[in-house]
Amino acid sequence: AVALLESLLPSAPSEAKSMLNAQIVDLAERSEDWDEAIAASDAILAQMGGAQGREVWEQRKDYFISKK
């Protein structure tokens with residue numbers, strides 16, 4: 001499922017990429033694929049810039065890093 005979502009990313013509109021990456025994070029977390037969860041979190045953070053809610057994704061990323 002993660003591979004399918006990742007294959008959609010290049011052609012997805014920018015406003016859909018965060019949603020796709022959030023789904024990737026969810027699936028990766030469920031399967032304990034911490035590297036994938038971290039990479040998708042990084043993609044979300046890069047797209048967010050300084051947007052509100054950034055702290056939540058930073059905390060989630062830190063959690064994934066702690067699980068490695």
Side-chain angles (χ1 to χ4, degrees):
V2 170
L4 174 63
L5 292 172
E6 287 177 333
S7 72
L8 298 172
L9 282 170
S11 61
S14 61
E15 59 274 4
K17 289 184 181 195
S18 287
M19 181 190 70
L20 288 172
N21 277 309
Q23 291 176 335
I24 291 169
V25 167
D26 184 54
L27 291 169
E29 183 177 14
R30 290 176 192 220
S31 63
E32 297 184 1
D33 184 348
W34 307 121
D35 289 328
E36 189 68 48
I38 292 165
S41 296
D42 280 337
I44 292 168
L45 287 165
Q47 191 171 16
M48 289 183 83
Q52 187 176 15
R54 184 174 176 84
E55 284 183 24
V56 172
W57 284 105
E58 289 171 343
Q59 289 172 355
R60 288 190 77 185
K61 180 184 169 187
D62 288 344
Y63 169 75
F64 301 143
I65 291 169
S66 76
K67 298 302 278 183
K68 284 182 67 168

Checklist entry - When clusters are formed by joining ILVMFWY residues with side-chain heavy atoms under 4.5 Å apart, either directly or through shared neighbours, do L9 and L27 land in the same one? => result yes
Next on the checklist: As an exercise, state the distance from CD of Q23 to CG of L8, rounded to the nearest 0.5 Å.
Outcome noted: 9.5 Å
Item to check | Spatial distance of atom CE (M48) from atom OG (S41) [nearest 0.5 Å] | outcome: 11.0 Å
Item to check | Salt-bridge present (E29, K67; N to O < 4.0 Å) | outcome: no
Next on the checklist: Are I24 and L4 linked, directly or through intermediate hydrophobic residues, by side-chain heavy-atom contacts shorter than 4.5 Å (ILVMFWY only)?
Outcome noted: no
Checklist entry - Do you know the tightest heavy-atom contact between A28 and A37? => result CB-N, 3.6 Å
Item to check | Atom CD of E15: over 12 foreign heavy atoms under 6.0 Å | outcome: yes
Checklist entry - Can you get from L5 to V25 by hopping between Ile, Leu, Val, Met, Phe, Trp and Tyr side chains that sit under 4.5 Å apart? => result no
Item to check | Backbone N/O of S18 and side chain of Q47: donor-acceptor pair under 3.5 Å | outcome: yes
Next on the checklist: I need the minimum non-hydrogen distance between A43 and N21, along with the two atoms involved.
Outcome noted: CB-ND2, 3.5 Å
Checklist entry - Given I38 and K68, is the side chain to side chain contact (heavy atoms under 4.5 Å, CB included) satisfied, shown in steps? => result CA-CA 10 Å; I38 292 165; K68 284 182 67 168; 3.5 Å; yes
Checklist entry - Sub-3.5 Å donor-acceptor pair from the side chain of R54 to the main-chain atoms of L45, do we have one? => result yes
Item to check | Separation between CD1 of I65 and CZ of R60, rounded to the nearest 0.5 Å | outcome: 13.0 Å
Item to check | Spacing of K61 atom NZ and S66 atom OG [to the nearest 0.5 Å] | outcome: 12.5 Å
Item to check | Reported CH2-to-OH distance for the pair W34 and Y63, which is rounded to 0.5 angstrom | outcome: 4.5 Å
Checklist entry - Would you find a donor on one side and an acceptor on the other, under 3.5 Å apart, between the side chain of D26 and the backbone of A22? => result no
Item to check | Separation of W57 CH2 from D42 CG (nearest 0.5 Å) | outcome: 11.5 Å
